[in-house]
Amino acid sequence: MSKTPSKTPQAIRGTQDIFGAEAEAFAHVVETFERVRRLYRFRRVEMPVFERTEVFARSLGETTDVVSKEMYSFEDRGGESLTLRPEFTAGIARAYLTNGWRQYAPLKVATHGPLFRYERPQKGRYRQFHQLDAEVIGAAEPQADVELLAMADQLLKELGIADGVTLQLNTLGDGDSREAWRAALVDYFAAHRAELSEDSQDRLERNPLRILDSKDPRDRAFVADAPKIDDFLSGEAQDFFGAVTAGLDAAGVAWAREPSLVRGLDYYRHTAFEFVTDRLGAQGTVIGGGRYDGLMESLGGPATRAVGWAAGIERLAMLVGEAGQIAIDALDVSIAVEDDRAAVAGQRILAQLRRSGLSVDMIASGSPKKRFDKAAKSNARAIVSLNIDNEKVVSGLRGSTELVERIAELIRPIIEAENR
RNA sequence: GCGAUCGUAGCUCAGUUGGUUAGAGCGCCGGUUUGUGGUACCGGAGGUCGCGGGUUCGAACCCCGUCGAUCGCCCCA
């Protein structure tokens, strides 16, 4: 009668309906990650998609902007404040503490799935997005950092996108080194306060390290001569970073020192790194991570040294798509039922071919005369056409010889049975 | 939160200085041709021109608002 009276609801801003080639690329990234993480013996974990808000609020610490404005938080029916996970690390840290996973330390775990951040969407940035994640918890040794980076490096290589991506590496030193550096940066930038961008004048109070990766040319002029972390590193911190870089060289992982690479959060210590590309607009970080030795304590646990990374699946999938790494639609057989009286025979053949491991589609609707053409357009490696001749089902086969012979064997008994 | 660009058929897009009934290609449906055939042709369905207001004799086109998308800034766990 009338058309649908109500309007179709719209998707939530920043969510994606992934389909076709993009979905194939997405799945390819996840499958490759699953394979590689097994090679490195990272154990699979499944984590809740939401936690008590506390879990993220306490681990994120003083970055109030992030906590108050960029998390998907809500109250449940009991009045408890919950938050859709904006990252994996805090939840995994919580699980490590509440489940007694210390007994497995050093624990290597990997997971992947959706994350949520209340941000303005742009290229490679969504409100629901997806990440791969790998963590080594309870490992103080630089070898853990090396292993993690080697895994990330191998992942990129196996995805065939390593060429346009570089590993930027830095150290933030231990707690004391980091504090001394931070203080020196504040002094330095405060002396040029008036000449900095408005944003950076603000950052001077909130998050001075971030001035280092400001995009504003007014700031960049001063960044080059800013105090370097290297001048503040303790002997221990120097040794640690030296062991990481030596390990990377030994493992054949290419890296580049990036002294202005910092982390926004205070719990990061020592190694910080990003795999970066210039092919994704403003969102060039494809894998990011570092050592978070201060995190467990902020959740009320014992001092536990840990290191991890996360990778944006959408961003990796975009690079994979660009590189043309995905071959989709490897259809083996297309069946054209050119007479409806052969439909049952078609069903039997379809089932039989699929059971024997072939990917098969069947065309049995629309104009019978056009079904063969549709089957031909599907680019299948072989076409089976079914027709009725003299009250009997007859089949026609076309395609690569080997496959056609195999199909002929499989369908002969079915057609004989149909015609009995 | 801020800025720029863009919203016309299922998809990709035309649409002249504002001027009759808003078009094409692809896709979809039907038919003719071909008859072991991925061809060609004919026809058809499908549009509140994002939405709301304004200017005008007249708006897809100009103006305002709004919603949405894209890209960037801020932020980036």
Side-chain angles (χ1 to χ4, degrees), chain A residues 3 7-17 19-20 51 55-72 83-93 115-127 129 131 133 135 197-203 206-207 209-211 213-216 219 261-268 272 274 280-285 288-290 292 294-295 298 308-312 315 334 336 338 363 365-380 383-387 389 394-399 404:
Chain A
K3 281 195 165 181
K7 278 183 184 161
T8 306
Q10 296 172 326
I12 303 298
R13 178 196 292 266
T15 61
Q16 326 169 67
D17 305 308
F19 175 75
E51 298 270 356
V55 170
F56 306 111
R58 282 172 60 177
S59 66
L60 293 171
E62 22 177 287
T63 11
T64 51
D65 238 34
V66 170
V67 172
S68 60
K69 301 206 302 213
E70 296 178 19
M71 296 203 308
Y72 261 100
T83 295
L84 299 178
R85 63 185 180 196
E87 57 158 338
F88 279 112
T89 309
I92 291 175
L115 301 173
F116 305 84
R117 294 180 189 175
Y118 197 88
E119 298 180 297
R120 196 72 179 252
Q122 52 186 291
K123 188 178 177 69
R125 197 176 196 187
Y126 309 94
R127 287 189 173 179
F129 58 104
Q131 286 189 341
D133 186 89
E135 314 279 350
S197 67
E198 297 75 19
D199 284 331
S200 283
Q201 293 184 23
D202 198 33
R203 281 191 269 244
R206 275 185 8 254
N207 202 350
L209 301 199
R210 277 287 166 193
I211 300 176
D213 53 18
S214 169
K215 288 166 187 160
D216 195 302
D219 301 328
L261 175 67
V262 294
R263 303 275 76 162
L265 302 184
D266 284 340
Y267 56 64
Y268 282 100
E274 289 181 2
L280 291 179
Q283 311 299 327
T285 300
Y292 50 94
L295 173 60
S298 70
W309 56 247
R315 294 184 191 176
S334 193
E338 298 193 90
I363 313 245
S365 63
S367 168
K369 289 181 175 180
K370 288 182 175 170
R371 292 178 193 172
F372 185 92
D373 286 355
K374 278 193 197 170
K377 273 190 188 171
S378 68
N379 271 324
I383 297 169
V384 177
S385 60
L386 297 175
N387 220 320
D389 184 33
V394 294
S395 65
L397 284 170
R398 239 185 79 174
V404 163

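Only this structure's heavy atoms are used, side chains among them; waters, hydrogens and symmetry mates stay out. A note on names: the letters A, B, ... follow the listed sequences, proteins ahead of strands, and every chain is numbered from 1.
Comparing A69(B), C74(B), U34(B) by their nearest atom to the side chain of Q122(A) picks out C74(B). With distances taken from any side-chain atom of N379(A) to the nucleotides C75(B), G38(B), G31(B), the minimum falls on G38(B). Side chain of P121(A), nearest nucleotide from U70(B), A77(B), G30(B): U70(B). Closest contact between the side chain of D373(A) and the listed nucleotides G72(B), A77(B), G37(B) involves G37(B). Picking from A77(B), G72(B), G27(B) the nucleotide with the shortest atom distance to the side chain of K377(A) gives G27(B).
Atom P of nucleotide C73(B) and atom CG of D219(A) are separated by 14 Å, given to the nearest angstrom. Nucleotide G50(B) holds its C1' atom 9 Å from the CD atom of Q10(A), rounded to whole Å. Here the P atom of nucleotide C76(B) and the OH atom of Y268(A) are 12 Å apart, to the nearest Å. In this entry the distance linking CG of D213(A) with C1' of C74(B) reads 13 Å, nearest Å. Summarising the geometry, the separation between CZ on F19(A) and P on G10(B) is reported as 17 Å, rounded to the nearest angstrom. Note: CZ (R127(A)) to P (G68(B)) measures 10 Å, nearest angstrom. Distance Q283(A) CD to C71(B) C1': 11 Å, rounded to the nearest Å. Rounded to whole angstrom, the span from the CH2 atom of W309(A) across to the P atom of C76(B) amounts to 22 Å.
For A60(B) and U48(B), the C1' atoms lie 13 Å apart once the distance is rounded to whole Å. When the C1' atom is compared between U55(B) and C62(B), the two are found 8 Å apart, to the nearest whole Å. Taking atom C1' on both nucleotides, U16(B) is separated from G53(B) by 28 Å, rounded to a whole Å. Taking atom C1' on both nucleotides, C6(B) is separated from U20(B) by 30 Å, rounded to a whole Å. Atom name C1', nucleotides A14(B) and G7(B): the rounded distance is 16 Å, in whole Å. Nucleotides C51(B) and G10(B) are separated by 13 Å at their P atoms, to the nearest Å. With both ends at atom P, the span from U70(B) to G65(B) equals 23 Å, rounded to whole Å. A gap of 32 Å separates the C1' atoms of U17(B) and C26(B), to the nearest Å.
Between S59(A) and V55(A), the shortest heavy-atom distance links the atoms OG-O, 3.1 Å.
Here S385(A) does not reach the OP1 or OP2 of G37(B): none of its side-chain N or O atoms lies under 4.0 Å away. Side-chain N/O atoms of N207(A) include one lying less than 4.0 angstrom from OP1 or OP2 on C76(B). Between C74(B) and K215(A), a contact under 4.0 Å exists linking OP1 or OP2 to a side-chain N or O. For R117(A) and A77(B), the shortest distance from a side-chain N or O to OP1 or OP2 is not below 4.0 Å. Between K374(A) and C29(B) there is a side-chain N or O to OP1 or OP2 distance below 4.0 Å. Between R206(A) and the phosphate of C75(B), there is a side-chain N or O to OP1/OP2 separation shorter than 4.0 Å. Remark: K369(A) is in phosphate contact with U32(B), judged by side-chain N or O atoms under 4.0 Å from OP1 or OP2. Between R203(A) and C75(B) there is a side-chain N or O to OP1 or OP2 distance below 4.0 Å. Contact check, R210(A) against C76(B): a side-chain N or O comes under 4.0 Å of OP1 or OP2.
Base pairing of U5(B): its partner is A69(B), meeting the Watson-Crick or G-U wobble criterion (both donor-acceptor distances under 3.5 Å). With a cut-off of 3.5 Å on both pairing distances, the Watson-Crick or G-U wobble partner of G52(B) is C64(B). Nucleotide C26(B) has G10(B) as its partner under the Watson-Crick or G-U criteria, with both atom distances under 3.5 Å.
Checking G396(A) against R13(A), the closest nucleotide of RNA chain B that is more toward the 5' end is the one next to G396(A). Mapped onto RNA chain B by nearest heavy atom, Y267(A) and Y126(A) fall at different nucleotides, with Y126(A) at the one closer to the 5' end.
You'll find the side chain of P86(A) stays beyond 4.5 Å of the side chain of E70(A), heavy atoms only. At a threshold of 4.5 Å between non-hydrogen side-chain atoms, the residues T89(A) and L295(A) count as touching. Taking the side chain as every heavy atom from C-beta outward, E119(A) and F129(A) never approach each other to under 4.5 Å. Residues L209(A) and R263(A) form no side-chain contact, since every pair of their non-hydrogen atoms from C-beta on lies 4.5 Å or further apart. L386(A) has its side chain within reach of S395(A): a pair of non-hydrogen atoms, C-beta onward, lies under 4.5 Å apart. Counting only heavy atoms from C-beta outward, the side chains of E274(A) and L261(A) approach each other to under 4.5 Å.
Contact annotation for Q131(A): no contact, since no heavy-atom pair falls under 4.0 Å across all strands. At a threshold of 4.0 angstrom between heavy atoms, the contacts of G288(A) with the nucleic acid are absent.
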**Request:** Determine, for nucleotides 3-8 of chain B in 5'-to-3' order, which nucleotides have protein heavy atoms under 4.0 Å from the base (write B), from only the sugar-phosphate (write S), or from neither (write -).
**Result:** ------
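Between the side chain of K370(A) and the base of G31(B), at least one donor-acceptor pair of N or O atoms lies under 3.5 Å.
Not a single donor-acceptor pair under 3.5 Å links the side chain of R371(A) to the backbone N or O of I363(A).
When each of R85(A), E87(A), R125(A), M71(A) is paired with R117(A), the side-chain contact (heavy atoms from CB on, under 4.5 Å) condition holds for E87(A) and for no other.
Atoms CZ and CG, on R210(A) and D202(A) in that order, are 14.5 Å from each other to the nearest 0.5 Å.
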